[in-house]
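Chain letters run A, B, ... following the sequence lines, proteins first and then strands; every chain starts at 1. Since the structure is predicted, the reported quantities are computational estimates derived from the model, not experimental observations.
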Number of protein chains: 2
Amino acid sequence: MARAAGETARLDDAARAGWLYYVAGNTQDEIARKLGVSRQSAQRLVSLAVAEKLVKFRLDHPIARCMDLAAALTERFDLQFCDVVPTDPAAPELATGVAAAGAAEMERWLADPEPRVIGLGTGRMLRACVEQLPRMDCPQHHLVSLVGNMSPDGSATAYNVVVRLAEKVGAPHNPMPLIAVVRCADDLKLMHAQEPVENTLALAARADVTFVGVGHIDETSPLAVDGFISQEESAELIAQGAVGEMVAWAFDGEGRPIEGLTNARVSSAPLDPGTARRVCGLALGHAKQKAILGALRGKLINALITDEATAEAVLALA
Amino acid sequence: MARAAGETARLDDAARAGWLYYVAGNTQDEIARKLGVSRQSAQRLVSLAVAEKLVKFRLDHPIARCMDLAAALTERFDLQFCDVVPTDPAAPELATGVAAAGAAEMERWLADPEPRVIGLGTGRMLRACVEQLPRMDCPQHHLVSLVGNMSPDGSATAYNVVVRLAEKVGAPHNPMPLIAVVRCADDLKLMHAQEPVENTLALAARADVTFVGVGHIDETSPLAVDGFISQEESAELIAQGAVGEMVAWAFDGEGRPIEGLTNARVSSAPLDPGTARRVCGLALGHAKQKAILGALRGKLINALITDEATAEAVLALA
DNA sequence: AGGCTGGATGAGTATTTGCCCACTACGATA
DNA sequence: TATCGTAGTGGGCAAATACTCATCCAGCCT
């Protein structure tokens with residue numbers, strides 16, 4: 001149809017083609033017949049309509065906003081992967097959704113028949129992820145803890161993520177039989193010199209993927225609350241600009257590690273900013289915005305799982 | 001992702017899949033990998049998103065509204081074909097657009113290598129369509145006039161559509177050497193008994209497609225203005241409820257033929273309400289709304305080419 | 001407890017789509 | 001007027017997508 005003048009005619013036809021394709025659900029062949037052009041031309045018209053933004057796609061679902069935010073974060077921070085889950089309006093800081101998404105991502109890695117080395121941090125969030133996982137049978141993978149799971153008194157910490165995950169999926173695993181933040185730098189050398197620890201750290205260094213919680217550092221920070229560091233140490237870190245931590249390594253708003261202080265005594269596997277290996281951070285909540293932003297800016301993580309409200313806040317800060 | 005509860009989870013995933021497909025332009029394979037499902041499932045999720053109207057397609061182009069109207073008319077009146085062209089805001093009653101669309105539709109039929117019998121009415125609109133056609137070479141088709149092209153004085157009428165079209169496309173053709181509305185019923189018998197007329201009417205009866213203008217009947221009706229019927233006859237028809245005419249057959253608002261009056265003396269090929277053969281009406285303008293609606297309701301036509309404003313008005317009446 | 005129903009799944013296959021290429025038509029330029 | 005360049009076109013093919021079918025599983029009725 002439309003034998004209208006020159007330039008417009010093509011767009012008119014493109015709009016028609018787009019309408020027939022997307023709204024009426026015609027095949028390009030049908031469109032070609034209806035418009036009296038070849039199938040190839042119909043195809044060109046349809047893609048022209050898309051290219052010229054004549055057709056707009058809109059998603060009528062809360063998820064859509066999450067996907068937009070995830071795409072924005074991926075773009076902004078050059079992420080390998082990003083998942084944003086809807087925030088439960090009734091309980092905005094509830095980790096369930098993020099944990100479920102984390103579990104799904106873990107499951108995807110675990111389902112891989114190829115043997116993988118999977119590194120794990122610790123904390124409530126990761127523990128919640130693991131709890132959400134179904135039992136699986138993954139003897140091909142190897143789990144390794146990035147961070148010591150001992151309390152100074154020798155007992156295991158509450159969030160023994162690696163062991164719990166290993167139980168669930170039947171995979172060999174290396175816990176880290178250390179205190180996360182040891183008493184002094186000398187202790188650190190001593191500990192790291194032990195063969196099992198050396199092996200575990202070496203394994204951690206070649207993890208194909210690692211999952212870590214991103215913690216914030218302030219008066220209520222998990223590190224301090226769980227007794228890994230003291231209130232005084234926490235205050236010092238804050239004074240030095242620390243905003244977050246991952247596997248006990250404190251970093252500032254740009255993701256740069258804080259020199260000295262507790263970082264001189266952290267026994268965890270080192271962070272590897274900018275690595276090509278997947279490093280997936282999990283976190284949500286108002287308090288963690290700056291920590292997440294720091295981790296992203298410093299490329300301490302290249303994948304992120306968070307919730308809508310947090311994603312929005314992080315993007316607003318960025 | 002999303003291990004949310006039961007029913008919602010599927011829709012969430014469908015929304016994700018839809019987003020990835022339409023907004024992010026992923027292939028279903030990529031979506032399958034990202035969502036950790038099989039390719040088939042990803043396909044199902046995408047089509048579910050469409051089926052559940054989670055993805056909406058919006059067309060940012062004036063044509064879109066026309067397409068919507070055409071679809072509505074097609075649906076409402078069970079049409080084989082409908083084309084609605086944009087109304088030129090500067091000249092709302094200008095036939096150019098509709099004529100162009102009519103020409104395009106004619107051209108599609110003419111381009112068919114299969115031999116077709118093409119029936120044609122008369123009038124300004126059809127003439128304008130024919131003028132818009134390019135020269136073609138279609139000896140395989142046969143054109144036939146449905147309506148007499150003689151004036152009472154023996155001269156050909158101004159809108160000799162069949163002959164003009166035949167010239168342009170080089171097709172054999174049967175004009176109808178009759179006066180459209182003869183003097184009396186007896187004349188009609190006489191005329192119809194003539195062999196050339198019989199043959200032409202028989203040909204018209206098996207036309208694969210016919211193009212007719214839809215005329216309105218009132219003081220300014222083309223029938224009266226062009227002298228086919230008198231003002232008195234026109235007034236009588238109106239009194240009997242006539243709202244429109246096609247190839248001189250007057251009909252009421254439901255598309256029922258007016259009994260007697262001029263209809264008793266119309267020499268044109270008979271209308272065939274509800275036929276499966278394509279009968280394409282062309283018309284636009286405020287005055288023709290009721291006529292078009294009647295023709296549609298009575299299934300006197302099963303295809304329509306009109307403009308946006310008229311389509312809207314007809315649907316509003318319907 | 002057993003069997004039935006309805007929806008989801010994966011495999012396999014047919015259809016549809018996207019894209020590369022060579023060719024043609026049209027307009028501008030020398 | 002001849003030639004070049006650009007845009008559009010259709011053929012052909014590989015990739016992507018849609019569909020069909022047999023099967024499986026969960027929930028539910030008997």
Could one point to a donor on the side chain of A/R44 or the base of C/dG18 with an acceptor on the other under 3.5 Å away?
-> no

Take atom CG of A/L20 and atom P of C/dT17, then tell me their distance rounded to the nearest Å.
-> 12 Å

Just how far is it from atom CZ of B/R277 to atom CG of B/N302, taken to the nearest 0.5 Å?
-> 11.5 Å

N-O pairing of B/E105 and B/R278 below 4.0 Å = yes

CG of B/D13 versus P of C/dA8: gap in Å, rounded?
-> 12 Å

Check whether any side-chain nitrogen or oxygen of B/S38 sits under 4.0 Å from OP1 or OP2 of C/dG10, and answer yes or no.
-> yes

Answer yes if the side chains of B/D208 and B/W109 hold a donor-acceptor pair under 3.5 Å, and no otherwise.
-> no

Salt-bridged, A/R16 to B/D83, with N to O below 4.0 Å?
-> yes

Under-4.0 Å salt bridge between B/R33 and B/E30 = no

Output one line per pair: protein atom, nucleotide atom from nucleotides 14-18 of chain D, and distance, for all N/O pairs under 3.5 Å.
residue: D/dT17; atom: OP1; partner: B/Y21; partner atom: OH; Å: 3.2
residue: D/dT17; atom: OP2; partner: B/Q28; partner atom: N; Å: 2.8
residue: D/dA18; atom: OP2; partner: B/Q28; partner atom: NE2; Å: 2.7
residue: D/dA18; atom: OP2; partner: B/Q43; partner atom: NE2; Å: 3.0
residue: D/dA18; atom: O5'; partner: B/Q43; partner atom: NE2; Å: 3.4

Output field: ring centroids A/F57/B/Y21 closer than 6.0 Å | no

